[in-house]
There are 2 protein chains.
Amino acid sequence: MTKDSSTPMVTVHEVARVAGVSAATVSRFLNGTARVSEDKRRAIEGVIERLNYKPNVLARNLKTGSSRTVGVLTQSLVSGYFADALAGVDDALQGTGYAPLIVSGHWHADEEAERIELLIARRVDGLVILSGNLKDAQILKLSQRVPIVAFGRRLEGTRAYGFCLDNYRGACDAVEHLLAHGHRDIAFITGPSDHADALARLAGYRDTLARHGILEQPQLVLPADFDESSGLAAVERLLASGQRFSAIFAANDLSAYGARLALYRRDIRVPDDVSVVGFDDLHSSMYTTPPLTTVRQPLFDVGRCLGRAILAMIGGEKMAREMPELSLVVRESVRRVA
Amino acid sequence: MTKDSSTPMVTVHEVARVAGVSAATVSRFLNGTARVSEDKRRAIEGVIERLNYKPNVLARNLKTGSSRTVGVLTQSLVSGYFADALAGVDDALQGTGYAPLIVSGHWHADEEAERIELLIARRVDGLVILSGNLKDAQILKLSQRVPIVAFGRRLEGTRAYGFCLDNYRGACDAVEHLLAHGHRDIAFITGPSDHADALARLAGYRDTLARHGILEQPQLVLPADFDESSGLAAVERLLASGQRFSAIFAANDLSAYGARLALYRRDIRVPDDVSVVGFDDLHSSMYTTPPLTTVRQPLFDVGRCLGRAILAMIGGEKMAREMPELSLVVRESVRRVA
DNA sequence: TTGAAAGCGCTACCAG
DNA sequence: CTGGTAGCGCTTTCAA
């Protein structure tokens, strides 16, 4: 262990000695753990200032058994979707003394479990889990070791809580919007079939059509993977099939982008020839051409709720359970048809 | 300090006692600090397994004075630009025992300085700084306390190193490309005037025109701020001015998106009526309509270089100084004109 | 309100 | 190759 000569490494004891008090008193002053008389308080303050004393977080961590850190499991650092939620968590933690420790699981259960172990090994005080492929049971088990708040799964335990937004409802709104604009032949670009949100959106699509007495056309349901390239491929297949359709509802914005490009390549105009609706409302959807009508997921707010919730759990307080809602944001990618 | 009853908190001493060796030996085994005889080694392994012993990182951190953590200062969590670099840093750190501690400075020098202090207080072993508004001198000063690797500024010190990509050259390439396609009236959407990269790109634009004997038209240089809305506004102003132009070179992809939307709103086709070139090559640029021709910044690789570099510095090794290069990626937003 | 002292769990020095 | 031991810098009883 090299002692940094430029940093004299001043300790509580040093401060205490110079201020003519005990280390305990300095500690009490620092943490507000107990009353400290006015004169000593002032003396300590002065010495801290003069010596430029900074408490050693590492020592405090060892003593208190906490790292003042919350682990955040995301699936991808480069996804606009997760990035928003991350920013929300970060925002909630700001100024609380807690810092987020972010790891990425890449939608792979094993990797997620491994990263979480790393987080626990680092003694995070709480865990925020953003989607992923872990089983609810695994998370419940994990929550015996550390409090957990999750997004993208419904969960209820003493030290675990998880919630979803109403994806089904969001999808219904999107399809209703298309229907209200006269569309009947609506294609749906699905998400991964093992993804709960994707499934809920598919169900919303199906049920809404059914509710309106519209027979589902299986050829209009196009498998894809929540990304641009699969959205593009899906629509290319659709176009090749010769199926009639006047609108596309994509299970997320990324696949809507891909769909839009496939249309563009065939000189099919949006919304003049085909209407498109997405899901998520990524930042960029406001600036696509045309700006995309989509179901907004308020992910920053979600992240903030998660951050606040895990803080509450760590502090042993009751956490707020209100969560933000989905909402359709109407832009310019849908046109009324006869 | 609450003792978690579900976790009996087994220590080195416990392991040592059960294995019939000393704590020191267990520690040596754990860290490979010294040879441990085969029999003791096996005994220890068994006990660790049986007791499910996990070393307490917090104690190790205190003892070694290191948190095995590298601080990463980014400017925005939600920017695709920074996200890529972050992912690169994360990738470089993977499996090294170091974890990134990510904070965001939001392009505000004060906030950046504050976050960095927090990072140092948490005893990060190194710092990666992604752009920002801190002065080089401040960073050099900081580097006395912790080794630093920075991106977006040229820096050279014993414990600090910073590098830029050749933005000037990238801009030259972009303009050359436009010129080669017959464009002469090329508008330029600038970035923030206090941003070095933005300035370098502007200089590249200017010099390339000059080199080709083209007089710069000041009305074609449009101030903007590296985001969609200012790019949009810039082109709206340009359009309103009635200035002739056949191409737009945007200082970054985001402003190119905004420009593209402004054009769309006026029914000006890209690339048929106006060609557009961006800078950065965000993921989404592959799926805009049309896909955007742009100067690629290999940010993931940059991040990886940064990660490796800071690790090398921390380890006292010599760091590699080769950095990735910019390159023009030609897609579909530029058309040849007469 | 204050101080002395006992560790938190680990690593590393020093003997052997 | 191994064990004893002395802390890392802090917080927190316990007693005064």
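Each chain gets a letter, A, B and so on, in the order the sequences are listed, and its residues count up from 1.
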Check your understanding: Can we say B:Glu117 and B:Arg145 salt-bridge, meaning some charged N sits less than 4.0 Å from an Asp/Glu carboxylate O?
Key -> yes

Separation of C:dC10 atom P from B:Asn31 atom CG, nearest Å, is 10 Å

With the side chain defined as heavy atoms from C-beta on, A:Thr11 is closest, among D:dG3, C:dG9, D:dG9, to D:dG9

*Sugar-phosphate only, base, or nothing, as touched by B:Asn61 at under 4.0 Å among non-hydrogen atoms*: nothing

Rounding to the nearest 10°, end axes of the helix from C:dT1-D:dA16 to C:dG16-D:dC1 built from five pairs each make an angle of 30°

> Which part of the nucleic acid, if any, lies within reach of A:Ser27 when heavy atoms closer than 4.0 Å are counted: base, sugar-phosphate only, or nothing?
Replying inline: base

Among C:dG9, D:dT11, D:dG3, the one nearest any side-chain atom of B:Arg28 is D:dG3

Here the distance between atom C1' of D:dC8 and atom CD of A:Glu14, to the nearest Å, is 15 Å

Residue pair B:Arg123/B:Val36 against DNA chain D: nearer the 5' end by closest nucleotide is B:Val36

Kindly give the atom pairs (protein nitrogen or oxygen, nucleotide nitrogen or oxygen) under 3.5 Å for nucleotides 5-7 of chain C.
residue: C:dG7; atom: N2; partner: A:Lys63; partner atom: NZ; Å: 2.9
residue: C:dG7; atom: N3; partner: A:Lys63; partner atom: NZ; Å: 3.4

Q) Base, sugar-phosphate, or nothing for B:Phe29, non-hydrogen atoms under 4.0 angstrom? A) nothing

**A:Arg308 side-chain N/O to A:Ala92 backbone N/O, donor-acceptor pair under 3.5 Å** = no

### Query
Are any of the side-chain nitrogens in A:Arg17 or A:Glu14 under 4.0 Å away from the carboxylate oxygens of its partner?
yes

With the side chain defined as heavy atoms from C-beta on, A:Arg60 is closest, among D:dT11, D:dT13, C:dC10, to D:dT11

Discussion item. If you apply the rule salt bridge (Lys or Arg N to Asp or Glu O under 4.0 Å), what do you find for A:Asp39 with A:Arg42, and how did you get there?
Written reply: CA-CA 5 Å; A:Asp39 50 337; A:Arg42 239 198 308 275; over 6 Å; no

Atom CG of A:Leu51 and atom P of D:dG9 are separated, to the nearest Å, by 14 Å

When rounded to whole Å, the CG to C1' distance for the pair B:Leu62 and C:dT11 reads 10 Å

query: So with a 6.0 Å cut-off around CD of A:Glu317, is the heavy-atom count from everything else above 12?
result: yes

The single option from B:Trp107, B:Phe151, B:Phe300 that satisfies ring-ring contact (aromatic ring centres under 6.0 Å, His included) with B:Phe82 is B:Trp107

Within 45 degrees of the ring normal and closer than 6.0 Å to the centroid, is that where the cationic atom of A:Arg321 sits relative to A:Tyr161? yes

Requested in this report: Answer yes or no: is there a donor N or O on one side and an acceptor on the other, between the side chain of A:Asn56 and the main chain of A:Leu58, under 3.5 Å?
Outcome: yes

